[in-house]
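Since the structure comes first, as C-alpha coordinates, the remarks are kept for the end.
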Amino acid sequence: MNIPTDLKYTRSHEWVRIEADGAISVGITDHAQELLGDLVFIELPEPGRELAAGQEAAVVESVKAAADVYSPLSGSVIENNAVLADSPELVNQDAYAAWLFRIRPASVAELDGLLDAAAYQEIVAAA
Amino acid sequence: MDRGVDSNRVRPFAVSGIHFNTFLSGIDTMQKTVLNEEHRRSGARMVDFAGWEMPLHYGSQIEEHHAVRRDAGMFDVSHMCAVDVAGDDARAFLRRLLANNVDRLQLPGKALYSTMLNEAGGVIDDLIVYHLGEEDFRIVINAATAANDLRWMTARRDEWGLAVTISARREGADALAMIAVQGPQARQKVWQALPECQPASAALQPFFAATVGEHLIARTGYTGEDGYEITLPAAQAVRLWQRLAEAGARPCGLGARDTLRLEAGMNLYGQDMDESVSPLDAGLAWTVDLAAPRDFVGKAALLAKPQQHRFLGLLLLDRGVLRAHQRVDSAHGPGEITSGSFSPTLQQSIALARLPLPAAVGDVVQVSVRDRPLAARVVKPCFVRNGSILV
(Lines give C-alpha, C1' and ligand atoms only; values in the text may rest on other atoms or scores of the structure.)
Protein backbone atom coordinates (compact mmCIF):
# COMPACT_ATOMS: atom_id res chain seq x y z
CA MET A 1 0.00 0.00 0.00
CA ASN A 2 1.44 3.32 -1.12
CA ILE A 3 1.07 5.84 1.76
CA PRO A 4 3.84 8.49 1.63
CA THR A 5 5.04 9.54 5.07
CA ASP A 6 5.42 13.24 4.16
CA LEU A 7 1.65 13.71 3.70
CA LYS A 8 -1.33 14.03 6.04
CA TYR A 9 -4.55 12.05 5.60
CA THR A 10 -8.24 11.95 6.46
CA ARG A 11 -10.47 9.05 7.40
CA SER A 12 -12.38 9.68 4.19
CA HIS A 13 -9.28 8.91 2.07
CA GLU A 14 -8.07 12.37 1.10
CA TRP A 15 -4.39 13.25 1.28
CA VAL A 16 -3.04 16.70 2.25
CA ARG A 17 0.31 18.24 1.32
CA ILE A 18 1.46 21.39 3.05
CA GLU A 19 3.16 23.56 0.43
CA ALA A 20 6.03 25.99 1.01
CA ASP A 21 3.73 29.00 0.70
CA GLY A 22 1.40 27.74 3.43
CA ALA A 23 -1.30 26.59 1.02
CA ILE A 24 -2.39 22.95 1.11
CA SER A 25 -2.92 20.61 -1.83
CA VAL A 26 -5.64 17.97 -1.60
CA GLY A 27 -6.03 14.69 -3.49
CA ILE A 28 -7.41 11.19 -3.00
CA THR A 29 -5.21 8.38 -1.77
CA ASP A 30 -3.82 5.53 -3.82
CA HIS A 31 -6.07 3.21 -1.82
CA ALA A 32 -9.10 5.29 -2.81
CA GLN A 33 -8.26 5.34 -6.52
CA GLU A 34 -7.67 1.61 -6.45
CA LEU A 35 -11.07 0.99 -4.91
CA LEU A 36 -12.82 3.24 -7.39
CA GLY A 37 -11.09 1.85 -10.47
CA ASP A 38 -10.67 3.75 -13.74
CA LEU A 39 -11.71 7.36 -13.19
CA VAL A 40 -13.72 8.96 -15.99
CA PHE A 41 -14.98 12.27 -14.60
CA ILE A 42 -13.86 14.77 -11.97
CA GLU A 43 -15.75 17.83 -10.77
CA LEU A 44 -13.55 20.39 -9.00
CA PRO A 45 -14.32 23.42 -6.80
CA GLU A 46 -13.92 26.85 -8.37
CA PRO A 47 -11.22 29.21 -7.06
CA GLY A 48 -12.64 31.61 -4.50
CA ARG A 49 -15.07 29.09 -3.04
CA GLU A 50 -15.10 29.00 0.76
CA LEU A 51 -15.06 25.51 2.21
CA ALA A 52 -15.66 24.28 5.74
CA ALA A 53 -13.71 21.29 7.03
CA GLY A 54 -15.61 18.14 6.05
CA GLN A 55 -17.67 19.88 3.38
CA GLU A 56 -18.17 18.29 -0.04
CA ALA A 57 -15.60 19.91 -2.29
CA ALA A 58 -15.20 17.70 -5.36
CA VAL A 59 -16.66 14.61 -6.99
CA VAL A 60 -14.64 11.81 -8.57
CA GLU A 61 -16.45 9.29 -10.73
CA SER A 62 -15.15 5.98 -11.99
CA VAL A 63 -16.86 3.65 -14.39
CA LYS A 64 -18.22 1.96 -11.31
CA ALA A 65 -19.20 4.66 -8.85
CA ALA A 66 -19.24 8.32 -7.89
CA ALA A 67 -17.59 9.50 -4.70
CA ASP A 68 -17.54 12.79 -2.86
CA VAL A 69 -14.23 14.33 -1.90
CA TYR A 70 -14.40 16.35 1.32
CA SER A 71 -12.35 19.38 2.20
CA PRO A 72 -9.89 18.30 4.92
CA LEU A 73 -9.69 21.86 6.28
CA SER A 74 -11.62 25.12 6.32
CA GLY A 75 -10.39 27.73 3.89
CA SER A 76 -10.77 29.24 0.47
CA VAL A 77 -9.99 27.47 -2.78
CA ILE A 78 -7.09 29.16 -4.56
CA GLU A 79 -6.60 26.79 -7.50
CA ASN A 80 -7.95 23.61 -9.07
CA ASN A 81 -6.07 21.10 -11.21
CA ALA A 82 -7.85 21.81 -14.48
CA VAL A 83 -5.82 19.25 -16.44
CA LEU A 84 -7.82 16.53 -14.68
CA ALA A 85 -11.01 17.58 -16.50
CA ASP A 86 -9.69 16.00 -19.69
CA SER A 87 -7.39 13.43 -18.09
CA PRO A 88 -9.00 11.99 -14.96
CA GLU A 89 -6.90 8.85 -15.45
CA LEU A 90 -3.89 10.79 -14.10
CA VAL A 91 -5.31 10.12 -10.63
CA ASN A 92 -5.15 6.37 -11.30
CA GLN A 93 -1.62 6.67 -12.64
CA ASP A 94 -0.23 8.61 -9.65
CA ALA A 95 -2.73 9.58 -6.98
CA TYR A 96 -0.19 11.66 -5.03
CA ALA A 97 0.95 13.69 -8.04
CA ALA A 98 -2.57 14.37 -9.28
CA TRP A 99 -3.76 16.94 -6.72
CA LEU A 100 -7.38 18.03 -7.10
CA PHE A 101 -7.48 21.51 -5.52
CA ARG A 102 -5.48 23.87 -3.32
CA ILE A 103 -6.78 25.72 -0.28
CA ARG A 104 -5.56 28.68 1.73
CA PRO A 105 -6.35 27.29 5.21
CA ALA A 106 -8.32 29.51 7.57
CA SER A 107 -6.49 28.11 10.58
CA VAL A 108 -3.28 26.09 10.75
CA ALA A 109 -4.54 24.60 14.01
CA GLU A 110 -6.89 22.37 12.01
CA LEU A 111 -3.86 20.57 10.60
CA ASP A 112 -3.43 18.88 13.96
CA GLY A 113 -6.67 17.01 13.42
CA LEU A 114 -5.34 15.19 10.36
CA LEU A 115 -3.87 11.71 10.38
CA ASP A 116 -0.24 10.81 9.77
CA ALA A 117 0.72 7.98 7.43
CA ALA A 118 0.86 5.37 10.20
CA ALA A 119 -2.61 6.25 11.48
CA TYR A 120 -4.05 6.21 7.98
CA GLN A 121 -2.38 2.87 7.29
CA GLU A 122 -4.20 1.46 10.32
CA ILE A 123 -7.53 2.69 9.03
CA VAL A 124 -6.96 1.11 5.63
CA ALA A 125 -5.83 -2.15 7.21
CA ALA A 126 -8.88 -2.28 9.48
CA ALA A 127 -11.40 -1.59 6.71
CA MET B 1 -28.74 -10.69 -18.84
CA ASP B 2 -26.21 -11.12 -16.11
CA ARG B 3 -26.37 -8.85 -13.12
CA GLY B 4 -23.44 -6.50 -13.46
CA VAL B 5 -21.71 -3.69 -11.69
CA ASP B 6 -23.66 -1.52 -9.41
CA SER B 7 -23.16 2.17 -9.91
CA ASN B 8 -24.62 3.63 -6.76
CA ARG B 9 -23.14 6.83 -5.53
CA VAL B 10 -20.65 6.41 -2.75
CA ARG B 11 -21.38 8.66 0.22
CA PRO B 12 -19.29 9.34 2.11
CA PHE B 13 -16.08 8.46 0.34
CA ALA B 14 -15.61 5.38 2.42
CA VAL B 15 -14.59 1.95 1.29
CA SER B 16 -17.73 0.41 2.72
CA GLY B 17 -19.80 2.61 0.44
CA ILE B 18 -18.66 0.94 -2.72
CA HIS B 19 -21.38 -1.50 -3.49
CA PHE B 20 -19.24 -4.51 -4.05
CA ASN B 21 -17.65 -5.87 -0.95
CA THR B 22 -14.03 -5.43 -1.94
CA PHE B 23 -12.59 -6.82 1.27
CA LEU B 24 -12.90 -10.54 1.18
CA SER B 25 -10.36 -11.65 3.74
CA GLY B 26 -12.02 -13.70 6.42
CA ILE B 27 -15.16 -14.28 4.40
CA ASP B 28 -15.25 -17.96 3.55
CA THR B 29 -18.94 -18.36 2.97
CA MET B 30 -18.84 -17.04 -0.56
CA GLN B 31 -19.26 -19.41 -3.45
CA LYS B 32 -16.32 -19.75 -5.81
CA THR B 33 -16.15 -20.83 -9.41
CA VAL B 34 -13.62 -23.43 -10.46
CA LEU B 35 -11.56 -20.59 -12.01
CA ASN B 36 -11.16 -18.68 -8.74
CA GLU B 37 -7.45 -19.49 -8.37
CA GLU B 38 -6.78 -18.50 -11.99
CA HIS B 39 -8.34 -15.09 -11.37
CA ARG B 40 -6.28 -14.51 -8.27
CA ARG B 41 -3.10 -15.53 -10.06
CA SER B 42 -3.93 -13.00 -12.77
CA GLY B 43 -4.19 -10.21 -10.19
CA ALA B 44 -7.96 -9.85 -10.26
CA ARG B 45 -9.75 -7.58 -7.83
CA MET B 46 -12.29 -10.03 -6.45
CA VAL B 47 -15.70 -8.86 -5.30
CA ASP B 48 -18.84 -10.29 -3.80
CA PHE B 49 -21.38 -10.67 -6.55
CA ALA B 50 -24.69 -12.19 -5.48
CA GLY B 51 -22.82 -14.39 -3.00
CA TRP B 52 -20.15 -15.37 -5.52
CA GLU B 53 -16.54 -14.26 -5.32
CA MET B 54 -15.95 -12.95 -8.85
CA PRO B 55 -13.34 -10.83 -10.66
CA LEU B 56 -14.35 -7.17 -11.06
CA HIS B 57 -11.30 -6.41 -13.19
CA TYR B 58 -7.69 -7.52 -13.58
CA GLY B 59 -6.17 -4.02 -13.42
CA SER B 60 -8.13 -1.79 -15.77
CA GLN B 61 -11.81 -2.23 -16.56
CA ILE B 62 -11.54 0.20 -19.47
CA GLU B 63 -8.65 -1.65 -21.13
CA GLU B 64 -10.58 -4.90 -20.80
CA HIS B 65 -13.58 -3.24 -22.40
CA HIS B 66 -11.47 -2.08 -25.37
CA ALA B 67 -9.91 -5.54 -25.72
CA VAL B 68 -13.36 -7.01 -26.35
CA ARG B 69 -14.35 -4.30 -28.84
CA ARG B 70 -11.03 -4.50 -30.73
CA ASP B 71 -9.65 -8.02 -30.26
CA ALA B 72 -10.87 -10.69 -27.83
CA GLY B 73 -11.66 -10.97 -24.15
CA MET B 74 -12.82 -13.85 -21.99
CA PHE B 75 -15.16 -13.88 -19.02
CA ASP B 76 -15.74 -16.49 -16.35
CA VAL B 77 -19.54 -16.69 -16.20
CA SER B 78 -19.65 -19.93 -14.24
CA HIS B 79 -21.64 -18.21 -11.50
CA MET B 80 -24.59 -18.31 -13.85
CA CYS B 81 -26.59 -21.48 -13.48
CA ALA B 82 -27.11 -24.03 -16.25
CA VAL B 83 -30.32 -25.99 -15.78
CA ASP B 84 -31.27 -29.04 -17.82
CA VAL B 85 -34.98 -29.40 -18.55
CA ALA B 86 -35.78 -32.81 -20.03
CA GLY B 87 -38.52 -35.41 -20.26
CA ASP B 88 -41.61 -36.17 -22.32
CA ASP B 89 -43.30 -32.88 -21.36
CA ALA B 90 -40.24 -30.61 -21.51
CA ARG B 91 -41.51 -28.55 -24.44
CA ALA B 92 -45.03 -28.33 -23.05
CA PHE B 93 -43.58 -27.16 -19.74
CA LEU B 94 -41.46 -24.40 -21.29
CA ARG B 95 -44.30 -23.35 -23.60
CA ARG B 96 -46.29 -22.45 -20.51
CA LEU B 97 -43.42 -21.28 -18.28
CA LEU B 98 -41.75 -18.74 -20.58
CA ALA B 99 -43.04 -15.51 -22.17
CA ASN B 100 -41.22 -16.18 -25.44
CA ASN B 101 -42.50 -19.07 -27.51
CA VAL B 102 -40.32 -22.14 -27.20
CA ASP B 103 -41.94 -23.45 -30.40
CA ARG B 104 -39.54 -21.08 -32.15
CA LEU B 105 -36.93 -23.70 -31.25
CA GLN B 106 -37.29 -26.33 -33.97
CA LEU B 107 -33.75 -26.69 -35.29
CA PRO B 108 -31.21 -28.51 -33.11
CA GLY B 109 -28.90 -26.11 -31.27
CA LYS B 110 -31.12 -23.06 -31.69
CA ALA B 111 -31.10 -20.62 -28.78
CA LEU B 112 -33.91 -18.34 -27.60
CA TYR B 113 -33.84 -15.36 -25.23
CA SER B 114 -36.87 -15.14 -22.97
CA THR B 115 -38.22 -13.75 -19.75
CA MET B 116 -39.92 -15.87 -17.10
CA LEU B 117 -42.87 -13.98 -15.59
CA ASN B 118 -44.97 -14.20 -12.47
CA GLU B 119 -48.78 -14.14 -12.61
CA ALA B 120 -48.74 -10.33 -12.30
CA GLY B 121 -46.60 -10.10 -15.43
CA GLY B 122 -43.42 -9.08 -13.55
CA VAL B 123 -40.05 -10.48 -14.62
CA ILE B 124 -38.78 -13.29 -12.36
CA ASP B 125 -35.66 -13.65 -14.51
CA ASP B 126 -34.35 -13.39 -18.04
CA LEU B 127 -32.62 -16.39 -19.56
CA ILE B 128 -31.47 -18.22 -22.66
CA VAL B 129 -32.94 -21.60 -23.64
CA TYR B 130 -30.90 -23.93 -25.85
CA HIS B 131 -32.61 -26.66 -27.79
CA LEU B 132 -30.37 -29.69 -27.36
CA GLY B 133 -32.75 -32.47 -28.47
CA GLU B 134 -36.48 -32.86 -29.11
CA GLU B 135 -37.42 -33.01 -25.42
CA ASP B 136 -34.05 -31.85 -24.12
CA PHE B 137 -33.41 -28.20 -23.26
CA ARG B 138 -30.70 -26.27 -21.42
CA ILE B 139 -31.60 -23.00 -19.66
CA VAL B 140 -29.03 -20.53 -18.37
CA ILE B 141 -30.30 -18.33 -15.53
CA ASN B 142 -28.78 -15.50 -13.49
CA ALA B 143 -26.71 -16.21 -10.38
CA ALA B 144 -28.64 -13.89 -8.08
CA THR B 145 -32.00 -15.37 -9.04
CA ALA B 146 -31.02 -19.03 -9.50
CA ALA B 147 -32.37 -20.43 -6.23
CA ASN B 148 -35.67 -18.58 -6.58
CA ASP B 149 -35.98 -19.59 -10.25
CA LEU B 150 -35.46 -23.26 -9.45
CA ARG B 151 -38.11 -23.18 -6.71
CA TRP B 152 -40.54 -21.47 -9.10
CA MET B 153 -39.89 -23.91 -11.94
CA THR B 154 -40.23 -26.96 -9.72
CA ALA B 155 -43.45 -25.67 -8.18
CA ARG B 156 -45.01 -24.96 -11.61
CA ARG B 157 -43.97 -28.39 -12.88
CA ASP B 158 -45.62 -30.06 -9.87
CA GLU B 159 -48.71 -27.84 -10.13
CA TRP B 160 -49.14 -28.71 -13.80
CA GLY B 161 -48.36 -32.39 -13.25
CA LEU B 162 -45.84 -32.61 -16.12
CA ALA B 163 -43.22 -35.30 -16.71
CA VAL B 164 -40.12 -33.09 -16.62
CA THR B 165 -36.81 -33.31 -14.80
CA ILE B 166 -35.21 -30.01 -13.75
CA SER B 167 -31.51 -30.40 -12.98
CA ALA B 168 -29.22 -27.55 -11.93
CA ARG B 169 -25.71 -28.43 -13.13
CA ARG B 170 -23.90 -27.01 -10.12
CA GLU B 171 -22.67 -29.87 -7.99
CA GLY B 172 -20.30 -32.82 -8.10
CA ALA B 173 -19.38 -34.64 -11.28
CA ASP B 174 -22.26 -32.97 -13.17
CA ALA B 175 -21.03 -29.44 -12.40
CA LEU B 176 -20.53 -27.22 -15.42
CA ALA B 177 -18.41 -24.13 -15.98
CA MET B 178 -19.06 -21.38 -18.52
CA ILE B 179 -16.54 -19.19 -20.31
CA ALA B 180 -17.63 -16.41 -22.68
CA VAL B 181 -15.08 -15.43 -25.34
CA GLN B 182 -16.10 -12.21 -27.07
CA GLY B 183 -14.68 -9.83 -29.65
CA PRO B 184 -13.86 -9.63 -33.36
CA GLN B 185 -11.00 -12.15 -32.92
CA ALA B 186 -12.81 -14.31 -30.35
CA ARG B 187 -13.74 -17.17 -32.65
CA GLN B 188 -10.18 -17.55 -33.96
CA LYS B 189 -8.85 -17.69 -30.39
CA VAL B 190 -11.37 -20.37 -29.47
CA TRP B 191 -10.38 -22.44 -32.51
CA GLN B 192 -6.75 -22.08 -31.51
CA ALA B 193 -7.54 -23.28 -27.98
CA LEU B 194 -10.02 -25.98 -29.05
CA PRO B 195 -9.04 -27.12 -32.57
CA GLU B 196 -11.37 -30.11 -32.36
CA CYS B 197 -14.32 -27.71 -32.02
CA GLN B 198 -13.53 -25.61 -35.08
CA PRO B 199 -15.48 -27.49 -37.78
CA ALA B 200 -18.77 -27.55 -35.85
CA SER B 201 -18.47 -24.08 -34.34
CA ALA B 202 -17.29 -22.32 -37.51
CA ALA B 203 -20.54 -23.32 -39.19
CA LEU B 204 -22.73 -21.84 -36.43
CA GLN B 205 -25.04 -18.95 -37.25
CA PRO B 206 -25.62 -16.38 -34.45
CA PHE B 207 -27.85 -17.75 -31.69
CA PHE B 208 -27.07 -21.37 -32.50
CA ALA B 209 -25.07 -23.84 -30.44
CA ALA B 210 -23.27 -27.10 -31.21
CA THR B 211 -22.31 -29.95 -28.94
CA VAL B 212 -18.75 -31.17 -29.47
CA GLY B 213 -17.80 -33.95 -27.07
CA GLU B 214 -18.42 -32.53 -23.62
CA HIS B 215 -18.45 -28.90 -24.80
CA LEU B 216 -21.51 -26.90 -25.74
CA ILE B 217 -20.34 -24.03 -27.95
CA ALA B 218 -22.90 -21.28 -28.52
CA ARG B 219 -22.57 -18.27 -30.80
CA THR B 220 -24.15 -16.03 -28.18
CA GLY B 221 -22.93 -13.33 -25.81
CA TYR B 222 -23.60 -10.26 -23.74
CA THR B 223 -21.26 -7.70 -25.29
CA GLY B 224 -22.57 -6.78 -28.75
CA GLU B 225 -19.55 -8.49 -30.33
CA ASP B 226 -19.19 -11.79 -32.13
CA GLY B 227 -17.94 -14.74 -30.11
CA TYR B 228 -18.86 -17.88 -28.26
CA GLU B 229 -20.12 -18.93 -24.90
CA ILE B 230 -18.62 -22.29 -24.00
CA THR B 231 -20.16 -24.62 -21.42
CA LEU B 232 -18.03 -27.55 -20.30
CA PRO B 233 -17.44 -29.87 -17.33
CA ALA B 234 -16.09 -27.78 -14.45
CA ALA B 235 -13.05 -30.03 -14.14
CA GLN B 236 -11.87 -29.00 -17.64
CA ALA B 237 -12.37 -25.26 -17.24
CA VAL B 238 -8.95 -24.30 -15.90
CA ARG B 239 -7.20 -25.95 -18.83
CA LEU B 240 -9.44 -24.18 -21.35
CA TRP B 241 -8.98 -20.82 -19.59
CA GLN B 242 -5.19 -21.25 -19.77
CA ARG B 243 -5.27 -22.27 -23.42
CA LEU B 244 -7.47 -19.30 -24.28
CA ALA B 245 -5.02 -17.02 -22.45
CA GLU B 246 -2.16 -18.53 -24.47
CA ALA B 247 -4.17 -17.86 -27.62
CA GLY B 248 -4.38 -14.18 -26.62
CA ALA B 249 -7.86 -13.85 -25.12
CA ARG B 250 -7.61 -11.22 -22.39
CA PRO B 251 -9.22 -12.02 -19.03
CA CYS B 252 -12.07 -9.54 -18.41
CA GLY B 253 -14.06 -8.94 -15.25
CA LEU B 254 -17.65 -8.14 -14.43
CA GLY B 255 -16.90 -4.42 -14.70
CA ALA B 256 -16.15 -4.58 -18.42
CA ARG B 257 -19.02 -7.02 -18.87
CA ASP B 258 -21.38 -4.36 -17.55
CA THR B 259 -20.15 -1.47 -19.72
CA LEU B 260 -20.09 -3.74 -22.78
CA ARG B 261 -23.67 -4.91 -22.30
CA LEU B 262 -24.79 -1.34 -21.60
CA GLU B 263 -23.24 -0.11 -24.86
CA ALA B 264 -24.94 -3.03 -26.63
CA GLY B 265 -28.28 -2.00 -25.11
CA MET B 266 -28.78 -5.32 -23.36
CA ASN B 267 -30.88 -5.46 -20.22
CA LEU B 268 -29.46 -6.35 -16.84
CA TYR B 269 -31.76 -8.26 -14.51
CA GLY B 270 -32.24 -6.51 -11.17
CA GLN B 271 -31.48 -3.13 -12.68
CA ASP B 272 -33.43 -2.68 -15.90
CA MET B 273 -36.23 -5.03 -14.86
CA ASP B 274 -37.31 -7.13 -11.91
CA GLU B 275 -40.45 -8.75 -10.49
CA SER B 276 -42.21 -5.38 -10.29
CA VAL B 277 -41.55 -4.45 -13.94
CA SER B 278 -43.45 -5.63 -17.01
CA PRO B 279 -41.23 -6.80 -19.88
CA LEU B 280 -43.26 -4.43 -22.07
CA ASP B 281 -41.89 -1.49 -20.04
CA ALA B 282 -38.31 -2.79 -20.15
CA GLY B 283 -37.90 -2.86 -23.92
CA LEU B 284 -38.51 -6.60 -24.04
CA ALA B 285 -41.81 -6.68 -25.96
CA TRP B 286 -39.92 -8.39 -28.80
CA THR B 287 -39.31 -11.37 -26.53
CA VAL B 288 -42.96 -11.74 -25.49
CA ASP B 289 -45.24 -13.71 -27.78
CA LEU B 290 -48.77 -12.47 -27.15
CA ALA B 291 -50.10 -13.36 -30.60
CA ALA B 292 -50.11 -17.14 -30.46
CA PRO B 293 -53.12 -18.89 -28.86
CA ARG B 294 -50.64 -20.40 -26.37
CA ASP B 295 -51.21 -19.44 -22.73
CA PHE B 296 -48.26 -18.70 -20.43
CA VAL B 297 -47.72 -17.43 -16.91
CA GLY B 298 -48.23 -13.66 -16.89
CA LYS B 299 -50.00 -13.45 -20.26
CA ALA B 300 -53.37 -12.39 -18.83
CA ALA B 301 -51.69 -9.65 -16.79
CA LEU B 302 -49.81 -8.30 -19.82
CA LEU B 303 -53.00 -8.26 -21.91
CA ALA B 304 -54.83 -6.44 -19.11
CA LYS B 305 -52.07 -3.86 -18.64
CA PRO B 306 -50.46 -2.78 -21.90
CA GLN B 307 -47.16 -0.95 -22.21
CA GLN B 308 -46.82 2.07 -19.88
CA HIS B 309 -43.30 3.28 -20.71
CA ARG B 310 -40.82 3.41 -23.54
CA PHE B 311 -37.40 1.95 -22.84
CA LEU B 312 -34.83 4.05 -24.67
CA GLY B 313 -31.19 5.12 -24.58
CA LEU B 314 -29.77 8.41 -23.35
CA LEU B 315 -26.58 10.09 -24.54
CA LEU B 316 -25.32 12.71 -22.10
CA LEU B 317 -24.59 16.00 -23.86
CA ASP B 318 -23.06 17.72 -20.82
CA ARG B 319 -20.10 16.53 -18.79
CA GLY B 320 -20.81 14.03 -16.04
CA VAL B 321 -21.85 10.42 -15.58
CA LEU B 322 -25.40 9.07 -15.74
CA ARG B 323 -26.29 6.51 -13.06
CA ALA B 324 -29.19 4.22 -12.25
CA HIS B 325 -32.17 5.82 -10.47
CA GLN B 326 -31.44 9.37 -11.63
CA ARG B 327 -34.62 11.24 -12.52
CA VAL B 328 -35.27 12.21 -16.12
CA ASP B 329 -37.51 15.17 -17.01
CA SER B 330 -38.94 15.22 -20.50
CA ALA B 331 -41.53 17.35 -22.28
CA HIS B 332 -43.88 14.41 -21.77
CA GLY B 333 -43.31 13.94 -18.04
CA PRO B 334 -40.82 12.22 -15.76
CA GLY B 335 -38.82 9.05 -16.32
CA GLU B 336 -35.98 7.18 -14.64
CA ILE B 337 -32.56 5.87 -15.59
CA THR B 338 -32.32 2.13 -14.97
CA SER B 339 -28.64 1.66 -15.97
CA GLY B 340 -26.02 4.32 -16.59
CA SER B 341 -22.27 4.57 -16.84
CA PHE B 342 -19.42 5.98 -18.82
CA SER B 343 -19.07 4.44 -22.26
CA PRO B 344 -15.41 3.68 -23.01
CA THR B 345 -16.20 3.37 -26.73
CA LEU B 346 -18.14 6.65 -27.06
CA GLN B 347 -16.01 8.43 -24.43
CA GLN B 348 -19.15 9.95 -22.94
CA SER B 349 -21.84 8.84 -20.57
CA ILE B 350 -24.78 6.72 -21.72
CA ALA B 351 -27.81 5.21 -20.03
CA LEU B 352 -30.91 3.09 -20.45
CA ALA B 353 -34.09 4.73 -19.19
CA ARG B 354 -37.83 4.20 -18.77
CA LEU B 355 -39.50 7.24 -20.34
CA PRO B 356 -43.10 8.35 -20.92
CA LEU B 357 -44.79 6.66 -23.89
CA PRO B 358 -44.71 9.73 -26.18
CA ALA B 359 -40.91 10.14 -25.74
CA ALA B 360 -39.06 9.66 -29.01
CA VAL B 361 -35.56 9.34 -30.41
CA GLY B 362 -34.12 12.82 -30.91
CA ASP B 363 -35.82 14.41 -27.87
CA VAL B 364 -33.58 16.34 -25.52
CA VAL B 365 -34.30 15.65 -21.84
CA GLN B 366 -32.89 16.82 -18.50
CA VAL B 367 -31.31 14.39 -16.06
CA SER B 368 -30.92 15.37 -12.40
CA VAL B 369 -27.29 14.70 -11.50
CA ARG B 370 -26.46 15.87 -7.97
CA ASP B 371 -29.44 18.24 -8.08
CA ARG B 372 -28.18 19.80 -11.28
CA PRO B 373 -30.03 19.37 -14.59
CA LEU B 374 -27.82 17.95 -17.36
CA ALA B 375 -28.94 17.68 -20.98
CA ALA B 376 -29.19 14.28 -22.67
CA ARG B 377 -30.42 13.20 -26.07
CA VAL B 378 -32.83 10.29 -26.46
CA VAL B 379 -31.41 7.59 -28.76
CA LYS B 380 -32.18 4.02 -29.71
CA PRO B 381 -31.07 1.75 -26.86
CA CYS B 382 -28.22 0.19 -28.81
CA PHE B 383 -25.11 2.33 -28.76
CA VAL B 384 -22.43 0.03 -30.14
CA ARG B 385 -22.58 -3.17 -32.18
CA ASN B 386 -19.68 -5.12 -33.65
CA GLY B 387 -17.22 -2.37 -32.84
CA SER B 388 -19.24 0.38 -34.54
CA ILE B 389 -20.91 3.33 -32.84
CA LEU B 390 -24.60 3.46 -33.83
CA VAL B 391 -25.77 6.70 -32.19
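Per chain, numbering begins at 1; letters A, B, ... match sequence-line order.
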Please determine which of B:E37, B:E38, B:H39 meets the side-chain hydrogen bond (donor to acceptor under 3.5 Å, both in side chains) test together with B:R41.
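Exactly one pass, corresponding to B:E38.
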Using the side-chain hydrogen bond (donor to acceptor under 3.5 Å, both in side chains) definition, which of the options B:D258, B:N267, B:D272 pairs with B:S339?
B:D272
Before accepting this row, confirm whether a basic side-chain N of the pair A:E43/B:R319 lies closer than 4.0 Å to the acidic partner's carboxylate O.
no
With the threshold set at 4.0 Å, does a side-chain nitrogen-carboxylate oxygen contact exist between A:D21 and A:R102?
no
With a 4.5 angstrom heavy-atom cut-off, is it the side chain or the backbone of A:S62 that approaches chain B, or both, or neither?
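The answer is the backbone of A:S62.
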Interface moiety of A:E34 toward chain B, non-hydrogen atoms closer than 4.5 Å:
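The answer is both parts of A:E34.
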Using non-hydrogen atoms and a 4.5 Å limit, figure out which bit of B:S60 sits close to chain A: side chain, backbone, both or neither.
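Looking at B:S60, backbone and side chain both touch chain A.
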